[in-house]
Amino acid sequence: MLLQISEPGEAPTTAACKRRVVGIDLGTTNSLVAHVADVSPAVIAGDGGPVVPSVVAYAGGGEPVVGAAAVARGLEAPADTIASVKRLMGRSLADVEAIRALVPYRLVDDAGRMVKIALGDGRELSPVQVSAAILGELRRRAEAALGGPLDGAVITVPAYFDDAQRQATRDAGRLAGLEVLRLVAEPTAAALAYGLDRGTRGTYAVYDLGGGTFDVSILTLVDGVFEVRATGGDSALGGDDLDRAIVRWAAGDGAVPASPPSDAAARREIAAAVAAARTAKEALTAAERAGVAFTLGGRAIERTLTRVELAAICAPLFERSARACRRVLKDAGYRADELDGVVLVGGSTRSPVVRDHVRAVFGREPLCELDPDHVVALGAAVQADVLAGGQSDVVLIDVVPLSLGLETMGGVVEKLVARNSTIPCGATQTFTTYADNQTGFALHVVQGERETADACRSLARFTLRGVPPMVAGAARVEISFQVDADGILHVAAHEQVSGVEAAIQVKPSYGLTDEEVERMLLESFDHAEDDLAERNLRLERVEAERILAATRAAMARDPHLLDADVAAATTAAMAELERIAAGADHVAIRGAIEALDRASKPFAERRMNLAIEAAMKGRALDEVERELAGETR
């Protein structure tokens with residue numbers, strides 16, 4: 001056939017030329033890949049269905065096995081079978097100490113950086129490598145279904161993932177051979193899928209309880225614009241924690257060891273116990289009661305679990321979820337009764353007990369028309385299609401989960417990007433030198449809501465060198481923060497006089513713990529007044545040190561301009577300022593600075609007069625007038 005005529009927009013070459021892009025939900029328990037076929041997103045199924053268990057087995061030192069086959073191998077070799085690796089992404093060993101006893105594989109420290117997983121054959125793998133194996137399996141599945149190599153992928157992350165965790169996810173995608181077009185928050189992706197499917201308008205809460213992470217976001221959906229108003233959650237709360245709570249209830253709190261057991265048999269027992277608890281929890285989705293049976297510590301345990309008991313067992317975990325929901329509603333400026341709906345996302349929300357909890361928190365029946373296991377991948381596929389030039393009537397606006405700032409003199413934080421700022425976003429601020437002849441700037445980037453750097457999380461440090469020596473306050477350094485569409489921070493510094501520059505993509509070695517996230521947000525409210533007082537105190541102390549140093553230097557340089565009375569008054573005021581600056585009253589320090597200024601005023605006037613006289617000597621009045629008028633000779 002040499003020529004084929006088609007109706008406008010129906011040419012078969014259109015589909016052939018379309019970029020092959022997919023959306024990937026890289027989940028703690030299960031992962032999926034989806035793409036937009038024609039105009040509707042659909043998940044891509046493989047052998048065994050669309051869901052790929054997020055489990056990787058490294059048996060016998062060979063190639064990794066991913067998915068259902070890895071789950072089967074995990075019963076035989078749990079120490080070499082990695083599950084729930086998402087909870088380790090961007091974390092140090094200290095960050096994951098609470099779950100070490102409940103995973104069958106061994107976690108090791110990597111010099112304070114991201115935790116590593118030790119296999120039985122002596123290999124040590126990072127969570128990035130394990131996640132890359134899962135993403136590689138999803139890539140192969142998509143390429144087989146779409147008939148060729150992928151052109152890109154959008155990967156979802158929990159909304160509360162910080163910079164380190166997002167960077168680790170992006171690195172895993174690249175290691176799997178994917179061009180990562182965008183990282184999208186999971187609740188945002190879910191809202192995208194719901195908005196396109198239902199044509200909704202209004203304000204919605206997205207309640208996302210997956211296997212290992214919990215997110216809640218408040219979003220507005222209007223005319224194709226999906227804007228996140230506020231986001232929160234707990235990056236170490238999920239269905240896995242419900243399963244472990246069931247194990248502790250059935251076996252007794254002391255039955256689960258506080259530290260990981262050293263022998264493989266004990267680790268296998270723990271893995272089997274958690275699996276049995278998960279089976280019972282899932283059975284309670286349809287039944288009122290289910291049996292729990294496993295062996296732990298050589299003791300056979302068999303209990304009957306009801307929905308009422310499950311709700312009581314999980315009550316402390318649900319309270320953590322409720323606190324996050326209340327906080328995010330406050331941040332967004334809404335009451336629960338002002339919302340138009342609550343969307344459920346994540347496999348754990350299938351449980352009637354979880355749905356009862358959501359109903360109690362928000363006072364309304366949650367929406368669950370779309371499959372909670374599929375909705376995130378579907379939304380990611382829609383966003384991938386938009387980025388590939390498909391649909392163009394969708395705008396997705398995400399937010400920064402925690403404030404970003406810079407440490408200044410005295411350990412005070414200057415916040416450049418506020419929490420819940422929409423991304424991509426940026427901020428620029430100009431700083432100056434503190435001391436004479438300063439030739440560099442040590443820049444410390446921090447994250448958090450407190451007013452002092454030691455109460456925030458350190459993200460990165462770098463130095464701007466090559467600044468020409470100048471008097472204090474003469475240099476002008478412009479600091480720019482840019483948060484890209486993936487929520488990753490880029491910092492640049494530019495000294496305006498000399499033109500020297502430095503830049504860094506902030507990539508800390510590991511991420512925030514759930515305790516740190518909770519502390520940063522709650523303490524920012526609980527200690528707001530104390531933080532403001534501490535900030536003012538540190539600022540006044542820095543100013544006092546600067547004034548004292550400048551006054552001493554001037555007195556040493558021009559002692560002939562001091563008469564006895566002024567010298568005595570100035571010296572006494574300096575001593576008084578030093579004494580008061582050692583205290584904790586910032587108002588008193590400000591008063592002492594002003595007193596020193598009054599005492600030294602005659603001396604300062606004489607120095608100023610001499611400087612003006614030296615500048616004017618030998619110059620004609622009309623020359624000075626022309627300069628003041630901005631004229632050139």
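If you read the sequence from its start, that first residue is 1, and numbering goes on from there.
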Treating Ser321 as the side-chain partner and Leu317 as the backbone partner, does any N or O pair qualify as donor plus acceptor under 3.5 Å? no
Test item: Asp25 and Glu186 side chains (from C-beta on) under 4.5 Å apart, heavy atoms: yes
Please list, chain by chain and in numerical order, all residues satisfying side-chain contact (heavy atoms from CB on, under 4.5 Å) with Ala34, sequence neighbours excluded. Val43, Ala377, Leu378, Ala381
Mind running side chain to side chain contact (heavy atoms under 4.5 Å, CB included) on Val345 and Tyr207 for me, showing each step along the way? CA-CA 6 Å; Val345 180; Tyr207 185 96; over 6 Å; no
At what distance, to the nearest 0.5 angstrom, does OG1 of Thr169 lie from CE of Met89? 4.0 Å
May I ask you to test the Pro372-Arg350 pair for a side-chain heavy-atom distance under 4.5 Å? yes
If only atom types and distance count, is the side chain of Arg166 paired as donor or acceptor with the main-chain N or O of Val157 below 3.5 Å? no
Among residues at least two apart in sequence or on other chains, which ones pass salt bridge (charged side-chain N to carboxylate O under 4.0 Å, His left out) with Arg289? none
Which atom of Val328 lies closest to which atom of Gly232, heavy atoms considered: CG2-N, 3.7 Å
Could you walk me through whether Val445 and Leu489 pass the side chain to side chain contact (heavy atoms under 4.5 Å, CB included) test, one step at a time? CA-CA 10 Å; Val445 182; Leu489 174 64; 3.8 Å; yes
Just how far is it from atom NZ of Lys415 to atom CG of Leu406, taken to the nearest 0.5 Å? 13.5 Å
Report the C-alpha distance between Leu178 and Ile24 in whole Å, list the side-chain angles of each, state the deciding distance to 0.1 Å, and finish with yes or no for side chain to side chain contact (heavy atoms under 4.5 Å, CB included). CA-CA 11 Å; Leu178 292 167; Ile24 293 177; 3.8 Å; yes
Report the residues that fulfil side-chain contact (heavy atoms from CB on, under 4.5 Å) with Ala427, sequence neighbours left out, ordered by chain and then residue number. Leu416, Val417
In this structure, CG of Leu138 is separated from CG of Leu150 (nearest 0.5 Å) by 10.0 Å
Would you name the heavy atoms of Pro53 and Val71 that are closest together and state the gap between them? CB-CG2, 3.8 Å
Using a 4.5 Å cut-off on heavy atoms from C-beta on, say whether the side chain of Val52 contacts that of Leu32. no
Less than 4.5 Å apart, any side-chain heavy atom of Glu414 and any of Thr408? yes
Closest non-hydrogen atom pair between Gly238 and Leu209, with its separation: CA-CD1, 3.8 Å
Grab the two heavy atoms, one from Gly173 and one from Val180, that are nearest each other, plus how far apart they are. CA-CG2, 4.0 Å
Kindly say whether Leu284 contributes a backbone atom to a donor-acceptor pair with the side chain of Arg307 at under 3.5 angstrom? yes
Glu179: which residues meet the side-chain hydrogen bond (donor to acceptor under 3.5 Å, both in side chains) condition with it, sequence neighbours left out? none
Which residues share a side-chain hydrogen bond (donor to acceptor under 3.5 Å, both in side chains) with Arg326, sequence neighbours left out: Glu319
Pairing residues for Ser480 by the side-chain hydrogen bond (donor to acceptor under 3.5 Å, both in side chains) criterion, not counting sequence neighbours: Thr428
Answer yes or no: is there a donor N or O on one side and an acceptor on the other, between the side chain of Arg20 and the main chain of Leu146, under 3.5 Å? yes
Value rounded to 0.5 Å, distance of CG in Leu183 from CD in Gln167: 8.5 Å
Less than 3.5 Å apart, any donor N or O on the side chain of Ser54 or Asn30 sitting next to an acceptor on the other? no
Look up atom CG in Asp208 and atom CG in Asp215, then write down how far apart they are to the nearest 0.5 Å. 5.5 Å
Please check this pair: side chain of Arg229 against backbone of Leu329, looking for a donor-acceptor N/O pair closer than 3.5 Å. no
Check: Ser131 and Lys86 side chains under 4.5 Å, non-hydrogen atoms: no
Does the side chain of Val33 reach to within under 4.5 Å of the side chain of His35, using non-hydrogen atoms? no
Apply salt bridge (charged side-chain N to carboxylate O under 4.0 Å, His left out) to Arg355 and list each qualifying residue two or more places apart in sequence or on a separate chain. none
Nearest atoms (heavy-atom pairs only) where Arg278 meets Asp240: NH2-OD1, 3.8 Å
Please enumerate all residues that pass salt bridge (charged side-chain N to carboxylate O under 4.0 Å, His left out) together with Glu309, with sequence neighbours excluded. none
Are any of the side-chain nitrogens in Arg364 or Asp340 under 4.0 Å away from the carboxylate oxygens of its partner? no
Interatomic distance, Ile155 atom CD1 to Leu135 atom CG [nearest 0.5 angstrom]: 5.0 Å
Of all the heavy-atom pairs spanning Ala172 and Ala132, show the shortest one and how long it is. O-CB, 3.5 Å
Side-chain touch Val154/Val21, heavy atoms, less than 4.5 angstrom: no
Is there a side chain to side chain contact (heavy atoms under 4.5 Å, CB included) between Leu219 and Thr203? Walk through the geometry before answering. CA-CA 6 Å; Leu219 307 98; Thr203 303; over 6 Å; no
Going through the checks in order, is the salt bridge (Lys or Arg N to Asp or Glu O under 4.0 Å) test met by Arg335 and Glu338? CA-CA 5 Å; Arg335 299 190 311 271; Glu338 294 176 322; 3.3 Å; yes
Within a strict 4.5 Å, meaning less than it, do heavy atoms of the Cys325 and Phe214 side chains meet? yes
Qualifying residues under side-chain hydrogen bond (donor to acceptor under 3.5 Å, both in side chains), relative to Asp241, sequence neighbours excluded: Arg87
Which pairs pass ring-ring contact (aromatic ring centres under 6.0 Å, His included) with one or both residues in residues 311-354, sequence neighbours excluded? Phe318-His357
Could you give me the CA-CA distance, side-chain angles and deciding distance for Tyr204 and Thr220, then say whether side chain to side chain donor-acceptor pair (under 3.5 Å) is met? CA-CA 6 Å; Tyr204 288 79; Thr220 56; over 6 Å; no
Ala133: which residues meet the side-chain contact (heavy atoms from CB on, under 4.5 Å) condition with it, sequence neighbours left out? Val56, Tyr58, Pro64, Val66
Is it true that a side-chain atom of Ser351 and a backbone atom of Ser348 form a donor plus acceptor pair closer than 3.5 Å? no
For Glu282, all residues meeting salt bridge (charged side-chain N to carboxylate O under 4.0 Å, His left out), sequence neighbours excluded: none
